[in-house]
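One structure is given here, and the rest of the page talks about it.
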Amino acid sequence: MLRGEMGEPAAQAMRLLEAIGKAYGAERLIKVRSAHVSGISYNTIGEAGLGFLQRMALDDGRCKALTTINPAGMELDDPGKLGISRDFAEKQFQIIRCFENFKARITCTCTPYLSGNNPLMGDPVAWSESSAVIFVNSVIGASSNREGAPSSLASALTGRTPYYGYHLEENRRPNVEVSLESDLRTDLDFSLFGYVIGEKVVGVPFICGGAARPSLGEIKIFGAAAAASGDLALYHWDNLTPESRRYKTYLDNVERVSVDRGELEDALDRLSTGGRADAICLGCPHLSLSELGEIASLVKGKRLRRPLLCFTSRMVYQRALKRGFIGSIKRAGGKVIRDTCMVVSPLRESGIDVMETNSCKAAYYAPNLNGVSVSLSDMRHSIQEALKTA
Ligand code: F3S
């Protein structure tokens, strides 16, 4: 591949992986079970990113491992849903066409593990999108470094990644024990807890405490926040994550920190940048089927008095459609949006200056990336208030 015998895109990708491998002291490359590529929204990568992808696609780049892609900047089947301009839509379609040429799966989601990209425990993968990386490492027990958009694309086009970082057993051992000294009562609590851990811990935390068994939605939103406020890519949670039993034996000489309710409240204050919200935005990371089911049951037969935008993947959308969840949400006045997200779509073009969300990751990125301020609230509370207020 490096000599160009399998085409210029594979050679260029291999040169990048070789450089990364050398920089990190990797002794060899390994095959990956899958890749997940970020940097799909035109809002994020702009003309430079589009030009790079087009050159790679024109030169016949093809994925050599199962590859899924992150959210785009709009819903592909209905760009007008969020008031997206014609120019933006055209650029976005050009990006998607590149990935179609690469033979990637057009999943447009940050939850690839809910859309057919399902590595097994111990499988090496090359994923970008920090919320997906922390999920695949911690909850599934596969191994991925925190790839960037170019390196995950390079792994997609070669089927390889350098053997370093979280692919090595010794780097998966915990170096900090975190005791949770507060109940986590809501999805927002899980998100705040993740955010605080991401700020406090460098390395691999081992979490003890937290009486309740988290739901999929809570564990997703926790990991996304932990990966947003710091550089965490892996955690172990006692009696919860698959490698926790194995790595509990390494806790004797590690640093110890605790997190209490006051720190969660403090993070809440720091992340709250907006006042009264123009819309409730849920789905950072993308909503799962069970989360959409919960929203549907809360609003079924009622009428929302404030705009509600629910973000999910096209695959989960189809399942939710069959179960009647999408219909219930729409009849109540809410919208369910596929393929994009509240941070990478130009939300202000649809008149949203302040959004209410349960996601600390969205609260962290939205003000800078799409200029939207944030008010934080847990999902149930947001919806119940939206049903009450006139
Ligand atoms: Fe996903 Fe967008 Fe949040 S990619 S994790 S919904 S910022």
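As the structure lists them, so they are numbered: ligands from 1, and atoms in each ligand from 1. Note that the structure is predicted; figures quoted are calculated from it, not measured.
Between Phe190 and Phe193, the ring centre distance reaches or exceeds 6.0 Å.
Using a 4.5 Å heavy-atom threshold, the side chains of Cys281 and Leu347 count as touching. In this structure the side chain of Lys220 never reaches within 4.5 angstrom of the side chain of Ser131, judged on heavy atoms.
With hydrogens and angles left out, the side-chain atoms of His286 and Thr111 include no donor and acceptor closer than 3.5 Å.
For the pair Arg173 and Tyr247, the cation-pi test (distance below 6.0 Å, angle within 45°) is failed.
At a heavy-atom distance under 4.0 Å, only side-chain atoms of Lys361, from C-beta outward, approach ligand 1.
Remark: ligand 1 atoms within the under-4.0 Å shell around heavy atoms of Glu129 are 4 (S), 5 (S). The contact set between ligand 1 and Gly283, taken as ligand atoms under 4.0 Å from a residue heavy atom, comprises 6 (S). Of all the atoms in ligand 1, the ones that sit under 4.0 Å from a non-hydrogen atom of Cys284 are 3 (Fe), 5 (S), 6 (S), 7 (S). Heavy-atom proximity to Pro71, at under 4.0 Å, picks out these atoms of ligand 1: 4 (S). Near Ser131, meaning under 4.0 Å from any of its heavy atoms, are these atoms of ligand 1: 5 (S). Shown in contact with Val343 at under 4.0 Å from a heavy atom are these atoms of ligand 1, numbered in order with element: 7 (S).
Cys341 CB, 3.3 Å is the protein heavy atom nearest to atom 6 (S) of ligand 1. Taking atom 1 (Fe) of ligand 1 as the reference point, the nearest protein heavy-atom neighbour is Cys110 SG, 2.3 Å.
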Is there a ring-ring contact (aromatic ring centres under 6.0 Å, His included) between Trp237 and Phe206? Walk through the geometry before answering.
CA-CA 6 Å; Trp237 196 321; Phe206 189 103; over 10 Å; no
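Distance check, rounded to the nearest 0.5 Å: CG of Leu289 to CE of Met315 gives 12.5 Å.
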